[in-house]
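Just so we're on the same page: letters track the sequence lines, and every chain starts at 1.
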2 protein chains.
Amino acid sequence: MKDNNDMPGHLARRFQQIAVAVFLAEVADAGFDLTPVQYAALATIKANPGLDQVTLAGLIAYDRTTITGVIDRLVQKGLVERRASSRDRRARELEITDEGRRTLRKITPAVESAQRIMLGGLNAKEGEELMRLLRKAIAAGNELSRAPLRDVQV
Amino acid sequence: MKDNNDMPGHLARRFQQIAVAVFLAEVADAGFDLTPVQYAALATIKANPGLDQVTLAGLIAYDRTTITGVIDRLVQKGLVERRASSRDRRARELEITDEGRRTLRKITPAVESAQRIMLGGLNAKEGEELMRLLRKAIAAGNELSRAPLRDVQV
DNA sequence: GGATATTGATCAGTATGCTGACTATCAGTA
DNA sequence: TACTGATAGTCAGCATACTGATCAATATCC
């Protein structure tokens, strides 16, 4: 019988599981309480001020129903503002707050250290190769999930 | 600023997201309704009859609190039996049912095809290399998550 | 212009996954 | 044997993620 270690799906889950645990631990060590999803959303909102939720979802490959809850929590924490759009009354424009900006700045070293730790078992060349192969596999499978990456210009 | 595509954590999530979507789609095409977690648990119970939930959790690297719900649903579907252990009255012994065995047999082609599809963007050598690097990174980070892999003999 | 289709956001429902707590039981030891 | 610590399982609570539905608003087409 095929071993778990020969199933890319199992390996994907395990690696992700470790990645999330490392991220949360590093961020908590730095004195913050932010999940990987919340961080990605916050960073993307800062880089694209005023974007709407669907665009945000496309930029980081989340389902739009997931984004609703993530933004709820970021707003609750005072890191993001959600305003009705004037151009399209269905849409909400997202804006990072000063505290969001401050949090993002202070948390960056922990995030970078987490990325290093999760590749800790690999040397630099192997880490690069792993990322290259993941990018390639992801690009080929992009349309297979309900939340594909959408490279929109804002 | 660092791009998402340079963050192993982001790539890990994306690859896993696609892997799960592909798994569910292939399994649904074959006429079944089984999640990746449920499949892994079922296969492991079949290979280790009578094992308890903590051992199962260790073999597939799940948190024991997650396993409780997964087994609930497998029992509900009639694929697994959960009995009190005679040796240790705290523990539950898990046994696959005939229907569980039948399901596992019929679902295997879909599971294997899913593993191929999620590596669809890579050639054979690249797929092998990706799995090797994932295994290596995972081995180094095994103890960093709350649910490490435990290679127990049953 | 008006019917139709599409889109942005949300919601209900389900299934992982995690933290931390709790109960019952077991194991080791003074 | 009584005490102490560890262990198996469950639970409450929270945060992703998904499916499918609904509502309001916008686009499109005749």
Side-chain angles (χ1 to χ4, degrees), chain A residues 9 12-14 16-25 28 33-41 51-58 60-77 82-94 144-148 150 152, chain B residues 9 12-14 16-25 28 33-41 51-58 60-77 82-94 144-148 150 152:
Chain A
R13 187 187 63 82
R14 285 285 288 137
Q16 220 262 329
Q17 180 184 46
I18 291 167
V20 171
V22 167
F23 184 99
L24 292 175
D33 172 30
L34 214 64
T35 66
V37 193
Q38 290 167 15
Y39 170 79
L51 86 174
D52 65 289
Q53 297 185 189
V54 165
T55 305
L56 170 60
I60 51 184
Y62 289 108
D63 194 277
R64 68 192 196 287
T65 63
T66 302
I67 285 292
T68 298
V70 173
I71 301 297
D72 280 350
R73 287 178 281 278
L74 286 174
V75 168
Q76 163 106 44
K77 290 179 182 180
R82 179 200 252 143
R83 290 194 306 263
S85 164
S86 50
R87 300 186 313 277
D88 184 340
R89 280 189 306 177
R90 292 170 303 180
R92 312 300 165 91
E93 286 175 0
L94 303 174
L144 301 178
S145 80
R146 173 160 136 161
R150 296 283 176 227
V152 222
Chain B
R13 186 187 65 81
R14 284 286 288 136
Q16 221 262 328
Q17 179 183 48
I18 291 167
V20 171
V22 167
F23 183 100
L24 292 175
D33 173 30
L34 214 63
T35 66
V37 194
Q38 290 167 15
Y39 170 79
L51 87 174
D52 65 288
Q53 295 184 191
V54 166
T55 305
L56 170 61
I60 52 185
Y62 289 107
D63 194 276
R64 67 191 198 287
T65 64
T66 302
I67 286 293
T68 298
V70 173
I71 301 296
D72 281 351
R73 287 178 280 277
L74 286 175
V75 168
Q76 163 107 41
K77 290 178 180 178
R82 179 200 253 144
R83 290 194 306 264
S85 164
S86 49
R87 299 186 316 276
D88 185 339
R89 280 189 308 179
R90 290 169 304 181
R92 311 298 164 92
E93 286 175 359
L94 303 173
L144 300 179
S145 81
R146 172 161 138 161
R150 295 285 177 227
V152 221

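Counted by atom type alone, D52(B) and T55(B) present one or more donor-acceptor pairs between their side chains at under 3.5 Å. Using a 3.5 Å distance cut-off with no hydrogens or angles, the side chains of Q17(B) and R14(B) do pair a donor with an acceptor.
Note on R92(A): every side-chain N or O is 4.0 Å or more away from OP1 and OP2 of dA25(D). Side-chain nitrogen and oxygen atoms of T66(B) include none within less than 4.0 Å of the OP1 or OP2 phosphate oxygen of dA15(C). For T68(B) and dT10(D), the shortest distance from a side-chain N or O to OP1 or OP2 is below 4.0 Å.
Atom CD1 in I67(A) sits roughly 13 Å away from atom C1' in dG8(C) (whole-Å rounding). When the P atom of dC11(C) is taken as reference, atom CZ of R64(A) falls 14 Å away, rounded to whole Å. The CG-C1' distance, from L51(B) to dA8(D), rounds to 13 Å in whole Å. Spacing between atom CD of Q16(A) and atom P of dA15(D) amounts to 17 Å, rounded to whole angstrom units.
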Item to check | Chi angles and distances behind the side chain to side chain contact (heavy atoms under 4.5 Å, CB included) call for T35(B), R73(B) | outcome: CA-CA 10 Å; T35(B) 66; R73(B) 287 178 280 277; over 6 Å; no

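Considering OG1 of T66(B) and CD1 of I71(B), their distance stands at 11.5 Å, rounded to 0.5 Å.
In a base pair of the Watson-Crick type (N1 to N3 plus N6-O4 or O6-N4) or a G-U wobble (N1-O2 and O6-N3), with each distance short of 3.5 Å, dT7(D) is matched with dA24(C).
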